[in-house]
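Below, chains carry the letters A, B, ... as their sequence lines are ordered, and counting in each starts from 1.
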Number of protein chains: 2
Amino acid sequence: MNGRDKYAIIVAGGKGLRMGGDIPKQFMLLENRPVLMHAIQAFYGYDSTIRIFLVLPHEQKEYWEKLCAEYAFSVPHQTVLGGATRFHSVKNGLAAIEQSLHDKEHNALIGVHDGVRPLVDRELIAAVYDLADSDIAAFPAIPVVDSMRKLTADRQTTFSVDRSEYFLVQTPQVFKADALFAAYRQDYDSRFTDDVSVVEASGICRPVRVEGRRENIKITTLADLTLAQALMQCRI
Amino acid sequence: MNGRDKYAIIVAGGKGLRMGGDIPKQFMLLENRPVLMHAIQAFYGYDSTIRIFLVLPHEQKEYWEKLCAEYAFSVPHQTVLGGATRFHSVKNGLAAIEQSLHDKEHNALIGVHDGVRPLVDRELIAAVYDLADSDIAAFPAIPVVDSMRKLTADRQTTFSVDRSEYFLVQTPQVFKADALFAAYRQDYDSRFTDDVSVVEASGICRPVRVEGRRENIKITTLADLTLAQALMQCRI
């Protein structure tokens, strides 16, 4: 890869409502450190010159600062306030990046990552940034190994679908800056569940798939946290 | 649940070609014991009177017997030879059960389980058998938490789909014996990826969903084995 500037937006918008507890999942402890710190650390480990923008709900900013002090977390990053949906949170992250960009950097690479994917590894981050460097937009995804069923239109029952036609999409998703900025100028649509879907809807380019990692899980329940803990211990 | 007789067919048909090694994945070691023994043990732990039929490829039968001796594996089970596809393997398992059935037992419950899902727990097994007892056919499934993409018809690229419309299906899938026997009298169709899809295609009944467990993973790669190892250690 040439010397393009690299940015990362880590989105930690989740209120953790699905966890059944009061602590949002991005702050729960994994190997004695909040989940979010693992995610941020992975990007810093990939490239210590990467500029990291952490998007957090307004009411979590102070708590996060306290955590950083408590855990002596020193990875450089800038905090940005989140929006009403993931789309709006990423948009806020992009606005913060745009302010710090020089004109020449519109060819920078911007990765967007779920704050609740703490097990992402440097090799996967590198693979996605590398592919975005040549192909404008790249994302990691894994094949489906379980049988799959789909709800009927009335949502009353389900029917079998062919799993070989589907992929489970992960993050980081990485884009050339100008493509991502342009895509996020669109109006919000509830079908925007990730950045690839936003860029795709813009028609700017066709995002390209990288093989994801099964262990790059998204922590959405307490059981996922146990799973992540187990995976972390295996790594060491 | 009333006193219906219970059967389990554990399908270990996989040649393990995806593992990149020579040992089929059902025989790889997890906590110092072959994967398959964990799966069988879970059913025995659920109900020690359950009759277990293990379906194995012909060329693996001798190896399995050696393993049982080596690991002093004493859970009672009967070995049945597998067929060309999963459908044919289950059909062979059903034929073996039918031979041992008394007429009155056509109301028995038969569960079918992937031999490479060693982390299934007794509570989940119980939940599926219980629901099949009242609803004829039941299966565990979990919601999709990652964004999802589907291949286009020409399989050249992918597009976003709404993940909330999909479920990932696990095993054990449990059925009243007469329904499962009848369903397996159909001709083979390549869309039969699991037993629910076979029963569904027969039109006999509408299988009902139980909440699955995220840790009830299917071991299809070496990375999955590492994941299972980590999950096992966490359990103890």
Per-residue contact mode, A:Arg149 against chain B (heavy atom under 4.5 angstrom): both
Toward chain A, the part of B:Thr171 with a non-hydrogen atom under 4.5 Å: neither
CZ (A:Arg206) with more than 12 external heavy atoms under 6.0 Å: no
Test item: side-chain donor near acceptor, A:Tyr166 and B:Tyr166, under 3.5 Å: yes
Region of B:Thr157 in contact with chain A, defined by heavy-atom distances below 4.5 Å: side chain
Pairs of heavy atoms under 4.5 Å with chain B: top-ranked of A:Ala201, A:Ser164, A:Ala141: A:Ser164
Interface moiety of B:Phe159 toward chain A, non-hydrogen atoms closer than 4.5 Å: both
Engaged part of B:Arg155 at the chain A interface, taking heavy atoms whose separation is under 4.5 Å: side chain
Options A:Val196, A:Ile217, A:Val208, ranked by heavy-atom pairs under 4.5 Å with chain B, top entry: A:Val196
B:Tyr184/B:Asp195 under side-chain hydrogen bond (donor to acceptor under 3.5 Å, both in side chains): CA gap, chis, key distance, verdict: CA-CA 9 Å; B:Tyr184 268 88; B:Asp195 309 286; 2.5 Å; yes
Check against side-chain contact (heavy atoms from CB on, under 4.5 Å), B:Leu36 and B:Leu56: CA-CA 11 Å; B:Leu36 202 41; B:Leu56 271 182; 4.2 Å; yes
Contact leader toward chain A among B:Asp162, B:Leu151, B:Thr193, B:Val169, where contacts are heavy-atom pairs under 4.5 Å: B:Val169
Under 4.5 Å from any heavy atom of chain A - which part of B:Arg209: neither
Audit row: A:Ser89, A:Asn92, side-chain hydrogen bond (donor to acceptor under 3.5 Å, both in side chains) steps and yes/no: CA-CA 5 Å; A:Ser89 289; A:Asn92 290 358; 5.7 Å; no
Partner chain B: residue of A:Asp114, A:Thr152, A:Thr158, A:Ile142 with the largest heavy-atom pair count (under 4.5 Å): A:Thr158
Considering all heavy atoms, the nearest B:Tyr129-B:Tyr7 contact: OH-O, 2.7 Å
B:Lys218 side chain to A:Val145 backbone, donor-acceptor under 3.5 Å: yes
Min side-chain heavy-atom separation A:Phe139-B:Ser147 under 4.5 Å: no
Leading residue by heavy atom contact count with chain B [cutoff under 4.5 Å; candidates A:Glu200, A:Arg191, A:Arg214]: A:Glu200
